[in-house]
Amino acid sequence: MQTITIKPKKEIKISVEAENITPDKLAGKTEQEIQSMEAWVGNQKTTLGELFSIRVEGSAPAAETKIVMEGDFARVKRIGEGMTSGLLIINGNVDMHLGNKMSGGNITVKGNVDSWAGREMKGGELIIEGNAGYYLGAGYRGESCGMRGGKITVLGNALDFVGEHMCGGEIIVKGNTGILPGLSNNGGKIVIEGNTSRPGSEMSKGTIIVNGTVDEMMPVFKLEGNEDLGGVLYKKYTGDVISNGKGLLYVR
Amino acid sequence: MTVITDALCPFCGCLCDDLTIVVEDNKITDVKQACKLGTAKIMGHHRIKAPMMRKDKNSEFTEVSYEEAINEAAKILSNSKRPLLYGWASSVCEAHKKGILLAEELGAIIDNTATVCHAPSTLAVHEKGLPSATLGQIKNRADVIVFWGSNPVHAHPRHMGRYSVFAKGLFTEKGRKGRKVIVVDVRKTETANMADEFVQVQQGSDYLVVSALRSILSGHADVVPDTVGGVPKEQLIKIVEVLKTAKFVSIFFGMGLTQSKSMYKNIDNAISLTFELNSFTKCVITPMRGHYNVTGFGQVCAWETGYATAVDFARGAPYYNPGETAANDVLLRKETDAAMIIAGDAGAHFPADSVRHLARIPVVQIDPYWNPTTEVSNVVIPVAICGVEVAGTAYRMDGVSLRMRKMVEPAHPPDTEILEKITERVRELRGE
Amino acid sequence: MELIIKNGTVYDPVKGINGDKTDISIRDGKIVDKVSGKATVIDAAGRLVMAGGVDAHSHIAGAKVNVGRIMRPEDTRSGIKPRTKITRPFTGYTVPNVYAMGYRYAQMGYTTVFEAAQAIMKARHTHEELEEIPIIDKGALTLFGSNWPTMDFVREKDMDKLAAYVAWGLLASRGFGVKCVNPGGGEMWGFGKNVNGLDDVVPNFDVTPKEIIVSLMKANEMLGLPHSLHLHCNNLGKPGNYKTTIASMELANQVKASKDRQVMHVTHLTFNSWGGTNWGDFESKADEVANYLNNNDNVTGDMGQLIWGSATTMTADGPVQYANAKLLHAKWGNGDVELEDASGVVPIYYVKQISVHAIMWAIGLELALLTKDPYKMLLTTDHPNGGPFVNYPEVIALLMSNKKRQEEIKTLHEAVHARTKIPEIERELDFGEIAIMTRAGTAKVLGLLDTKGHLGVGADADISIYDIKPDQIDPSVEHAKIKSAFSSAAYVIKGGQVVVKDGQITATPPGRTYWVDASVPRQHTNEMMKDIVKKFKNYYSMQLANYMVQDEYVTHAQVVKAGAIPVEVN
Amino acid sequence: MTLNAILITGRTINQGATIENKTSLDYQEATAYCELNPKDIGILGISPGSCVSVTTDHGDVVVKLKENKGNPDGLAFIPMGPWANAVVNPDTRGCGMPGFKGIPSRIEPTEKKVLSMKELIARYK
């Protein structure tokens, strides 16, 4: 087991890009090695050591590596990018693109995350105890596929475009979401415990379950009747009818 | 007296190229064929006379030499860790190229005024493409014209005469009489008053209305409720009928779509409607671009960087993600630590919080006119007016590029020259 | 400035040099007989030396290329390289930015590339991009196949006016040659329709694709243009279209060449050599097309080879692109140009296990291997339609190695066995044949053989040196080495300047832009212009005075004069 | 006396004609106003030409009241420009575009005067 503890040295105003902070990249490295790894502040190339105090205990492969981040990372982007295994625990807020393209391992955030968390995620688990920003588990501009696998859980709320272009995997939002969750869903599962608006537009596959209220329904769904899901009765819709979509939308 | 014919108008995205300009003693004394907007710009307004600087935003400006101002601008920009180069719409493509090079040198973010106008249209194009046509194709063929969330009577006064509603062409010899005009808006505008069919949408509901039209078009009227976004179902059915039985449909859209609730997804959806209508008829869709060369910046930026705008060069390679790298994103997050505003007016057209941040950081302005950006600037460099005093390239709203003429000799240097000198000075400061 | 390349193994088919050790002397950007002792020496040390590559058909600049970029940020991000002291950033794979376009061609040893289609009305845009593409020489072919003036003059059978219009259109667009895409189809796409064959009548204009093709070929020869008519056949993208393709090729017999070259170049034949009647019985008819070429000397073609993975289709063939977008559920860019033509852009992903794609992959290779004379079948991928040009080395390796082809075939949909001939073809091309398909042949087809495509005295000093020793390599076995060497030239010399060393860009001079200034009798132009003036007054959305590409947009022009018919002196 | 309205901003021809002349009174007249329909104006109980304060979650601004019969009930319009931007929603919603349309607002008569462009921007310094 290797544990790496990372704390900001000072308040960060200009966004830091720190895609090196993943178990894959830090596993087996010493404090000194990690400190000398690249990070960017705006247009300035710097090192992780300049920005963060880093403590390393033990040495292990990525799968047995735990990164613990203490403090405010609200201006640190791309943490956990592409991670394949290991643990990443953030006791604070984080900036955009958390866990983008991750395919394994586990990220837990105690605070809030900014937009594009779990973008193009392929596997692993992302747990956000606070709120999420826009485009949770979505895709990159122009790509036809967003999240493909893995699981994202948000205990708070998420903003617009949750799971845009999702092709697989699962997103659970315990609170409310903004507009257009599951837009162009092509095979993912989204569960919204709270309220939302305009869910499931252009869905071709996948499932969206809304347990709260739907503020505005898209006029693209066919009401199929009621269905019992685990003891709860839902209105079951299929769509999007425009493209003969096979998506399922359940509204309580 | 000199008479310049076939001159181009440096105001809106219509880029009218049939103006006649009368010049006497290097002064424009008459503008013919232009609309109120074009005439006002070409006839000219009060100008900033000389470069100005000040240390503190609340103190008065002092006039300085161009050299001093350029030197200070270069210092401010090269000391910045997160510089923003914003504006560009009221400038020619030749300046855009210089600006992109400067952004590369600085590791800056470069963004243009589309960010508060049609950049969402570009986001939609990433999703669905853009089935469009040149304006003459529409003039010669379109028998149904739709204006959605746009008000050309105010924003593009000659559009309807030259290209759309009234224009006559090979297959549209009857002009207005042979056309059906549909206007979709949240309020009854002057454009709506000229329509054969006005569709009043509840503010923010455009996305739902487009989807309802698509559902009806695909034979699923059954899933559409009695009213959608305030529009009765019967009217939606009627419109679908008009659209699918037309010979050539042209949809024009404006900020009513880009700026309302579902933002770029409105356009994304409208492009899908366009796509699907092509199974029944010919249909094209075109953004009503605001500034005369806001389209040009997107074109130049795309061929130089691969992305149309909001490009972040911080790490030496272009990175693009509006919502993260657009001008207001970085201003509102208070990330930007210096800005250059050129040929666009962030002070007037950005939300208060963004302007508030500009008021806190060093700002360089390059512009012919005194405007709200001047009020928050430290260094102000006046330049010649592109398309009036400087020749160069501009792109019409339909992506057709044209060469702007020079009408009179400028008293100020062109922005290309200022940008070149700033770039040179930046290199010197960095010891390159 | 003098340079000498010593000890290279030279392939220069034009001069009959086939792997000989020959020194090449360079002065002031040209190849010369000899240089002084002060010349800088490059020791090629037995390595492969060829003339700089010449590409006769690639979509590198202009409106539709930029539509591709704007539509595809996901493509832009896939090829990113930060700026260096010498180079601007590289971006994109199928739709690279202007810099990557020039750099990547140069890195492969290509020094001249022609953009395959520009509408006159949007030519200014093409030239803005061409001006920004570093290093390589370039030019653009201008679309004439659906232009209203073309169709009017064809209907009126007024060849003088048509020739005058072509000459004027080339001047207006600073174009190099006559491109004709799905003739008549561009006009019909104006109302969402298409032509279905050579004898369909275009409504309102009362002409057929056949008449347009033949008339444009005649006008092309009347003007003695360096290049022939460059044809994208009707019915592209439809199973069974090989019949239309061959019928189009037969039209070449109606016209006599004014120069030592073909009268018709039929482009991206991978997309036009299709048998079958639908996607179910879709099959290759490359053999029929190759057979036609083998028996006729007035037509040439290019491959348009398909490459696995991401591509961006872009063409003036508007209707085919809508069909593609529908078929693929893909995003769709459409760009009708008033009175002139159409265009469309649709991304595609070519997959080995899709039968149609596997067959298309085979068609390109069959065309190249079944056409006996490599001067008749140029190497292209119809960038970025079949795939991006950076894959030319892959195509070269496939053509030089049956072993590689057989390995590849094993990974493909089984349809490649039953519905193509590729598994049985054993031919392997040699370096000389590759030099023809990528240099000598392309230069000849373009009519640029005086200065391009060879290493004789007087040629432009555009030279590539590859890290292959032809006498020590068996391309059939060592195809990976072939691919890697052609991907990253050891040296590239452009206009006498070293621009690439060990695959890295070392200098970025601006290239030149070729365009053709063809003269016709003034009275023909005057008569023709009466029509044009009317069209601008009534139909165009812009003024005639603002239409033509101004000198400011072609700052490194290489003007080729043409005009074979007797020209009156004023 | 108070009207809750959805605010939109946008172009007008006079805003455009004065856009390069932003220090002028013409520009202020062309942009520092709020349009409501006669019914909504009736609710406010004042006449066009009077000053109103427009307050949103994002700020407040004083502009002149104008009548526009084309506005539906509860829809307010302020031409794009610094006065409108004092109250628009800055959130770019992951797309780079601030909220220039669809902002819930409270409109009230006021005794305060419309600030000049310079005074308005001075508030941000």
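Below, all heavy atoms of this structure are taken into account, side chains as well, without hydrogens, waters or symmetry copies.
Counting heavy atoms from C-beta on, the side chains of D/Arg11 and B/Asn151 never come closer than 4.5 Å. By the 4.5 Å heavy-atom criterion applied to side chains, B/Gln200 and D/Pro72 are counted as neighbours. Put simply, the side chain of D/Glu20 does not reach to within 4.5 Å of the side chain of B/Asn371, judged on heavy atoms. B/Glu375 has its side chain within reach of D/Lys125: a pair of non-hydrogen atoms, C-beta onward, lies under 4.5 Å apart. Side chains of B/Trp370 and D/Lys22 form no contact here, defined as non-hydrogen atoms less than 4.5 Å apart. D/Ile13 is listed as a side-chain neighbour of B/Pro157, based on a closest heavy-atom distance under 4.5 Å. Using a 4.5 Å heavy-atom threshold, the side chains of D/Ile8 and B/Gln203 count as touching. Taking 4.5 Å as the limit, some side-chain heavy atom of B/Val116 sits within range of a side-chain heavy atom of D/Phe100.
Chain D forms the most heavy-atom pairs under 4.5 Å with one residue out of B/Gln202, B/Met263, B/Lys57, B/Arg360, and that residue is B/Met263. Of all the listed residues (B/Ala192, B/Ala352, B/Ala359), the one sharing the greatest number of non-hydrogen pairs under 4.5 Å with chain D is B/Ala352. Most heavy-atom pairs under 4.5 Å with chain D: of the set B/His357, B/Arg356, B/Glu190, this distinction falls to B/Arg356. Heavy-atom pairs under 4.5 Å with chain D peak, among B/Leu332, B/Thr189, B/Val376, at B/Leu332. Listed options D/Asn85, D/Val88, D/Asn89 were ranked by heavy-atom pairs under 4.5 angstrom with chain B; first place goes to D/Asn85. Of the listed residues (D/Gly102, D/Ala84, D/Gly10), the greatest number of heavy-atom pairs within a distance under 4.5 Å of chain B belongs to D/Gly102.
For D/Thr92 and B/Asp329, the side-chain atoms include at least one donor-acceptor pair closer than 3.5 Å. Looking only at atom types and distance, the side chain of B/Lys188 has no donor-acceptor partner in the side chain of D/Asn68 under 3.5 Å away.
Heavy-atom distances place no part of B/Ser354 under 4.5 Å from chain D, backbone and side chain included. In this structure, the portion of B/Pro120 lying under 4.5 Å from any heavy atom of chain D is its side chain and not its backbone. Interface residue B/Val186: backbone and side-chain heavy atoms are both found under 4.5 Å from chain D. Residue B/Phe11 touches chain D through its side chain alone, counting heavy-atom pairs closer than 4.5 Å. Residue contact with chain B, scored on non-hydrogen atoms closer than 4.5 Å, involves the side chain of D/Met117 exclusively. In this structure, chain D has no heavy atom under 4.5 Å from any part of B/Thr39. Contacts between B/Cys35 and chain D at a heavy-atom distance below 4.5 Å are absent for every atom of the residue. With a threshold of 4.5 angstrom between heavy atoms, B/Ala310 does not approach chain D through any atom at all.
B/His46 contributes atom NE2, which lies 6.0 Å from atom OG1 of D/Thr23 (distance to the nearest 0.5 angstrom). Atom NE2 of B/His291 sits about 5.0 Å away from atom CD1 of D/Ile19, to the nearest 0.5 Å. From B/Asn328, atom CG reaches atom SG of D/Cys95 across 12.5 Å, with rounding to the nearest 0.5 Å.
Few gaps surround NZ on D/Lys118; more than 12 heavy atoms of other groups in view lie less than 6.0 Å from it.
Heavy-atom minimum distance, D/Ala17 versus B/Ala40: O-CB, 3.3 Å. Scanning both residues, B/Arg187 and D/Glu35, for their nearest heavy atoms gives NH1-OE1, 2.9 Å. In terms of heavy-atom proximity, B/Gly347 sits nearest to D/Ile121 at O-CD1, 3.9 Å.
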Stepwise, does the side chain to side chain contact (heavy atoms under 4.5 Å, CB included) test hold for D/Asn14 with B/Lys36? CA-CA 9 Å; D/Asn14 288 333; B/Lys36 184 174 178 178; 2.6 Å; yes
